[in-house]
Structures are given as structure tokens and as C-alpha cells.
Amino acid sequence: PGVGGGGPRGQLVRMTKCFDMVKEVEVAHVMRYSHVVFWRPDLRPNGPLAPMALTLDGAVLRTDLEGTAVVLRDHVGKLLSAPWTAGQAACDVHHCGCLLSKGNPTVSAQLLPSNG
């Protein structure tokens, strides 16, 4: 299963490690990203994100049917640190959007059009 272990909980651990790396890059380059994108490790996006994915209209989480999750940068830490829930345990291991939204039921997720 690799870093973090198997199943949905292991995937959430891997997503947290990825976010830690994003923060290291931000510090090293003295910059801050507006969004963080998580996608299925077994299915790289095969096209560009929908234009609405990166708009700054206040939507915290956008997801597509394949499991891609686009999160406003300032909310990523909160979404990843929420206590583990039964909803997350029921998520497909590769569905990053499900893992983030089920752990935070008060965060509304907007559905993005499929990228291919």
C-alpha cells in the first residue's frame, strides 16, 4: 500500500503528506498558492481542469466524478485535519473529493464537469 497504509484512511494520510510538501515549496519560493489540487493516484487528469475550478468565488471545495478535488489553499489544512468519519471509510480509496467532503459535512462541494 505504500506510505500511509491501505484503504481510504491511508489515502488521506498521503494527501496530508502531499500538502506538507506544497507548504515546503511555498516557503522555499516565498509564495502562496491559491488552490491545491488532489487527483486520483491511479488516474492522472487527461485534460485541463474546467475553467470554473480555479475561480475565487469563495467555493471551498470543487470535485468531479473521477475524484479530483480542487480546494482553496486556506482551507486545505482544516479539511485534512478533520476527525475520521464513517462517511470517509465508505469512500472509494482514490476519490479525494469524497474523502475531503465526507470528513467535513458542513463544507459544500461543487461538482465540476468531467475533464475527459
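Residues F38 and L65 do not share a hydrophobic cluster, defined by chaining ILVMFWY side chains whose heavy atoms lie under 4.5 Å apart. Connection of L100 to L112 is not established within any shared hydrophobic cluster, with ILVMFWY side chains joined at heavy-atom distances below 4.5 Å, either directly or through further cluster members. L99 and V76 fall within the same hydrophobic cluster, where Ile, Leu, Val, Met, Phe, Trp and Tyr residues are linked whenever their side-chain heavy atoms come under 4.5 Å apart, directly or through other members. The same ILVMFWY cluster, assembled from side-chain heavy atoms under 4.5 Å apart, contains both V107 and L80. One hydrophobic cluster, built from ILVMFWY side chains closer than 4.5 Å, holds both V22 and L12.
Nearest heavy-atom pair, S101 versus A109, reported as atom, atom and distance to 0.1 Å: CB-CB, 4.3 Å. Nearest heavy-atom pair across L61 and A69 is CD1-CB, 3.9 Å. Nearest approach of V93 to Q11, heavy atoms of both residues: O-CG, 3.1 Å. Nearest heavy atoms, R62 versus T55: NH2-OG1, 3.1 Å. Looking at every heavy atom in both residues, A82 comes nearest to G103 through CB-O, 3.3 Å. The minimum heavy-atom distance between P83 and Q88, with the atom names listed, is O-OE1, 3.6 Å.
Ion pair K23/D20 flagged as a salt bridge, since at least one NZ, NE, NH1 or NH2 atom sits closer than 4.0 Å to an Asp/Glu carboxylate oxygen.
Taken to the nearest 0.5 Å, the CG atom of D64 stands 7.0 Å off from the NE2 atom of H95. Atom CG of residue D57 and atom CE of residue M52 lie 7.0 Å apart, to the nearest 0.5 angstrom. Distance check: H35 NE2 to H75 NE2 gives 9.5 Å after rounding to the nearest 0.5 Å.
F19 places none of its side-chain heavy atoms less than 4.5 Å from the side chain of S81.
For M31, the side chain to side chain contact (heavy atoms under 4.5 Å, CB included) partners two or more places apart in sequence, or in a different chain, are V25, H29, Y33.
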**Prompt:** Given the rule in the side chain to side chain contact (heavy atoms under 4.5 Å, CB included) test, do C18 and M21 qualify, once you have shown the distances and angles that lead to the verdict?
**Reply:** CA-CA 5 Å; C18 288; M21 287 189 290; 4.3 Å; yes

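Under the 3.5 Å distance criterion, the side-chain polar atoms of T85 are matched with a main-chain donor or acceptor of K102. With T63 contributing its side chain and L111 its backbone, the two residues share no donor-acceptor pair below 3.5 Å.
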